[in-house]
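In what follows, a single structure is set out as structure tokens and then discussed.
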Protein chains: 2
Amino acid sequence: MPNEAVSTQVSGTEPAIQPLSRRERVREATLVEIKDIARRHLVEHGPGGVSLRAIARDMGMTAPGLYRYFSSLDDLLLSLSADFFTELSMAVRTANDALPERDVDGRLLSSLRAFRTWALANRAEFTLLFGPSHPHRSCQHESVAIEAGRHFAATFLTLFDELLQQHRVSLPPEDDISPELSRQLRAFAEHAGFTTENASDGALRVLVGCWVRLYGLVCMEVFQHMEFAMDTMEALFEAELSDILSSAGVEYRSPR
Amino acid sequence: MPNEAVSTQVSGTEPAIQPLSRRERVREATLVEIKDIARRHLVEHGPGGVSLRAIARDMGMTAPGLYRYFSSLDDLLLSLSADFFTELSMAVRTANDALPERDVDGRLLSSLRAFRTWALANRAEFTLLFGPSHPHRSCQHESVAIEAGRHFAATFLTLFDELLQQHRVSLPPEDDISPELSRQLRAFAEHAGFTTENASDGALRVLVGCWVRLYGLVCMEVFQHMEFAMDTMEALFEAELSDILSSAGVEYRSPR
DNA sequence: TAATTTCAGTAAACGGCGTAAGCTTACGCC
DNA sequence: GGCGTAAGCTTACGCCGTTTACTGAAATTA
């Protein structure tokens with residue numbers, strides 16, 4: 001039994017070393033080729049414009065062959081989603097790491113801008129991640145993508161957590177938060193894996209408020225619902241960014 | 001030439017009286033039947049789950065026959081979009097008209113809640129209107145839908161205008177608005193047909209800010225990106241609504 | 001080395017799709 | 001009664017996802 005593989009890997013993170021058999025190496029290569037081509041089609045024709053047959057044709061093979069790699073078209077798109085989430089996470093983290101650690105404000109600004117930048121440079125991919133969810137395949141365990149999504153969320157959550165560590169966030173008055181809202185905020189925190197001591201209801205309220213605003217802003221731009229009037233929404237984004245962050249006690253600085 | 005039709009109609013708004021020939025009546029009936037069934041499919045299978053063949057099958061006819069009514073599937077969906085925009089406009093207007101005219105705050109609150117309510121009761125329809133735009137058919141003159149969309153926007157714009165008439169909106173400091181942003185805000189106002197004297201840069205800034213937040217909030221709920229943590233986002237919506245409107249000088253009141 | 005298992009990829013087929021071209025048939029008008 | 005218009009049909013083309021049964025080569029075992 002030479003070239004034993006995958007038997008004692010650490011977890012899903014990294015395959016420890018690389019005792020990949022030849023079979024497994026070529027399989028891995030085919031897998032990434034499929035995903036590369038699928039992404040190209042996604043970018044060129046949007047979600048819904050991705051088809052197994054066209055992908056297979058581009059690779060010089062037949063569609064049923066792809067079923068050795070993905071159990072369905074949906075499965076392929078889910079796998080792509082996972083990739084995109086980690087790519088987006090990396091983009092944000094990179095922007096974050098470009099600034100000195102103690103400059104929390106700068107890192108936050110930079111991270112949020114990186115989110116928008118990635119979204120605009122990868123509209124179709126963003127749509128897949130943050131656009132309308134499929135009607136039938138509900139949010140239920142689409143393991144890969146959901147896990148990557150959680151990981152992406154953590155990127156922002158830790159950043160926000162750092163902000164909380166420093167006193168500065170001005171929290172909304174306690175009685176502004178209804179019991180109902182409080183319950184839902186705590187449920188959110190739990191499911192998102194945000195269980196710090198610092199996470200008071202007020203802090204969660206601010207966090208979610210910021211996220212919703214950022215999300216709306218970027219969606220509007222990516223989905224092009226202002227296209228008829230604005231060529232780019234950069235200026236509006238910066239203005240809103242300033243507002244959003246000031247609600248979290250962060251001092252705005254213009255980019256560059 | 002009895003039963004003369006459509007010769008002297010006022011415009012696209014209403015066919016004046018109803019000198020519709022029998023032919024035209026039955027055609028009209030078929031047309032609404034197609035759209036009714038299409039909407040059912042849209043609701044049941046989402047956009048992308050609407051197919052001419054399935055619609056035709058449900059009506060007991062064949063797909064090519066539908067081309068007598070719509071020049072393509074896309075054309076049908078566009079026509080549906082237009083209908084949905086006017087339906088949504090009506091829902092908002094109805095909520096607005098339920099309160100006394102001088103209660104601007106109340107009418108605004110009621111209108112924004114009606115927007116969310118309609119969106120949640122008509123997820124698929126909302127997605128068609130406000131979800132990702134098709135990649136290839138850019139926003140270019142999709143006449144019917146674009147016109148209905150403009151009409152919908154006007155619903156909110158007039159409401160906001162009333163708010164401006166009364167001094168109360170506290171405008172952001174002038175120098176908070178970059179020249180770039182100013183230019184884009186004015187472009188937006190012009191394209192949206194919002195040309196009141198009251199529309200200072202500051203006012204436009206507040207208006208667009210409110211709209212973006214409302215949009216993001218409702219998108220997040222309709223697209224179910226918080227589903228994993230929150231069953232309903234009602235509480236969060238009310239909390240954000242309070243924030244949003246306070247930025248426009250409107251006093252929040254809880255519903256009912 | 002020979003036998004055997006595993007598995008990537010194929011061909012054929014089923015049912016579904018949007019759409020174009022050409023034909024039939026009935027309604028509405030003179 | 002005759003005729004034009006247009007609604008709806010048939011047929012056809014080329015896409016699509018997915019299933020089934022198969023081939024043949026590589027990897028494993030003996």
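Each chain gets a letter, A, B and so on, in the order the sequences are listed, and its residues count up from 1. The analysis underlying the following values was restricted to heavy atoms, covering all of them including side chains, and did not include hydrogens, waters or symmetry mates.
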- May I ask which nucleotide in the shown strands pairs with C/dC29, Watson-Crick or G-U wobble, both distances under 3.5 Å? D/dG2
- Task: Find the distance A/L52:CG to D/dC15:P and express it as a whole number of Å.
- Result: 16 Å
- Describe the nucleic acid contact of B/A54 in one word from base, sugar-phosphate, nothing, applying a heavy-atom distance below 4.0 Å. sugar-phosphate
- With a 4.0 Å cut-off, would you call A/D58 and A/R40 a salt bridge? yes
- Mind checking A/Y67 for me? I need base, sugar-phosphate or nothing, with any heavy atom below 4.0 Å counting as a touch. base
- A/F70 CZ - D/dT18 C1' separation (whole Å): 16 Å
- Item | Whole angstrom value for the distance that separates P of C/dA11 from CZ of A/R57 | 14 Å
- Message: Can you work out whether A/G65 or B/V50 has the more 5'-proximal nearest nucleotide on DNA chain C?
- Response: A/G65
- Is there a donor-acceptor pair under 3.5 Å between the side chain of B/S81 and the backbone N or O of B/L129? no
- Taking only the side-chain nitrogens and oxygens of A/T62, find out if one of them lies under 4.0 Å from OP1 or OP2 of C/dG9. no
- Task: Return the value, rounded to whole Å, for the distance between atom CZ of B/R27 and atom P of D/dT5.
- Result: 16 Å
- Checking only heavy atoms, does the side chain of A/R68 share a donor-acceptor pair with the base of C/dG9 at less than 3.5 Å? yes
- Item | Heavy-atom closest pair, residues A/A124 and A/L42 | CB-O, 3.6 Å
- Query: Do NZ/NE/NH1/NH2 and the carboxylate oxygens of A/E240 and A/R116 come within less than 4.0 Å?
  - Reply: no
- Message: Side-chain N or O of A/S51 versus OP1/OP2 of D/dC16: is the shortest distance under 4.0 Å?
- Response: yes
- Note on the structure: Among the nucleotides D/dA12, C/dA21, D/dG17, whichever has the atom closest to the side chain of B/P64 is C/dA21
- For A/I55 and D/dC15, give me the distance from atom CD1 to atom P, rounded to whole Å. 16 Å
- Separation of D/dC16 atom C1' from A/D74 atom CG, nearest Å, is 14 Å
- Query: Cut-off 3.5 Å, side chains only: do A/E87 and A/W118 have a donor facing an acceptor?
  - Reply: yes
- Item | Protein-nucleotide distance (B/M61, atom CE; C/dG18, atom P), rounded to Å | 13 Å
- Query: Taking CZ from B/R23 and P from D/dA7, how many angstroms apart are they, rounded to a whole number?
  - Reply: 7 Å
